[in-house]
Amino acid sequence: MEITLDGRAAIVTGGSKGIGFAIATRFAASGADVAIIARGREALDQAVKTIGTTAKGRIIGIQGDVAISADLERAYGEAMRAFGKIDIIVNNAGTSRTGAFEEITDEIWREDFDQKLFAAIRLTRLAWPQMKARRWGRVINVLNVGAKAARPKSAPTSITRAAGMALTKVLAGEGAPHNVLVNALLVGFIEADQHVRAAKKAGIPLKDYIDARIKDVPIGRIGRAEEFANLACFLVSDAASYITGTAINVDGGRSPVV
Ligand SMILES: NC(=O)c1ccc[n+]([C@@H]2O[C@H](COP(=O)([O-])OP(=O)(O)OC[C@H]3O[C@@H](n4cnc5c(N)ncnc54)[C@H](OP(=O)(O)O)[C@@H]3O)[C@@H](O)[C@H]2O)c1
């Protein structure tokens, strides 16, 4: 099946690295105009350059922090000025934040909700009316498998992600009559810059870090960001016109629940 996104315009938050970068690359190569949002200018510029080598659509990089409402409004405005409309939103920006429950302060809880849940709420709310009016829209919320199966010491991330799953369901119900389809993709363990940083911080080779974490992955390896991007691309295409309100594990079988 050939998937084309010709004529579509997308925003991918956290599109300068890892999973978001792979999604933006796939969307742009499939014909969509793509705006990526991230905080770091250098990585954004590099990503735009790299994505541009295979893009059929236009690609722009917008600097901003998705945890800050004003940044999101400015970024959305820039993308609208560049493309004239937004058909697709991928709420992906984020980092894993976990710890023992009693050590998580109000500030940490708030930061996590701002960066993940409120970022998705605010950006989707900006694009929602025009998606409904044009009777075509797609929203993907990138979450993690902890949303369905929270483990000890997985807060605040797993809690924020569970709320993201409820948000997905609410939006799917409200968007469906207007052909605005909303789904969640739940990450297990996917190749990304965050793991390179984590291995460095732990002072161990990346291979050792990965080997230790794939023990509970039935497929027996870390996922590639491109494998994740393939599913995202399918879900935002016309080929997925009857799929909404789902939360799909992309985890090599790691999650204990379906
Ligand atoms: N890879 C995994 O195995 C895994 C597992 C569970 C969940 N996830 C989730 O999947 C998503 C993508 O993660 P990844 O692994 O691809 O991470 P990554 O390699 O660290 O990339 C994260 C991207 O998000 C951007 N970003 C982070 N915070 C941001 C903010 N406040 N505002 C704007 N941009 C921001 C980063 O750029 P700047 O830092 O320059 O802003 C970067 O472009 C995240 O939500 C993550 O929590 C991933």
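We count ligands from 1, going down the list as the structure has it; atoms in each ligand are counted the same way.
Within the 4.0 Å heavy-atom criterion, neither part of E191 lies near ligand 1. Both the backbone and the side chain of Q194 come within contact range of ligand 1, each with a heavy atom under 4.0 Å. Of all the heavy atoms of N92, the ones lying under 4.0 Å from any atom of ligand 1 are found in both the backbone and the side chain. When non-hydrogen atoms are compared, ligand 1 lies under 4.0 Å from neither the backbone nor the side chain of K116. With a 4.0 Å cut-off on non-hydrogen atoms, R161 touches ligand 1 through its side chain and not its backbone.
Annotation: the span from W136 atom CH2 to M131 atom CE amounts to 8.0 Å, rounded to 0.5 Å.
At a 3.5 angstrom cut-off on N or O pairs, V142 does not count as close to ligand 1. Polar contact with ligand 1: present for S16 (N/O pair, distance under 3.5 Å).
The protein heavy atom nearest to atom 32 (N) of ligand 1 is V66 N, 2.9 Å. Residue, atom and distance of the protein heavy atom nearest to atom 1 (N) of ligand 1 are I190 O, 2.9 Å. Nearest protein heavy-atom neighbour of atom 39 (O) of ligand 1: R39 NH2, 2.9 Å. Annotation: atom 7 (C) of ligand 1 to nearest protein heavy atom, N144 CB, 3.5 Å. Looking at atom 16 (O) of ligand 1, its nearest protein heavy atom turns out to be I19 N, 2.8 Å.
Which parts of ligand 1 touch G18 is read off a 4.0 Å heavy-atom cut-off, strictly below it: atoms 16 (O), 19 (O).
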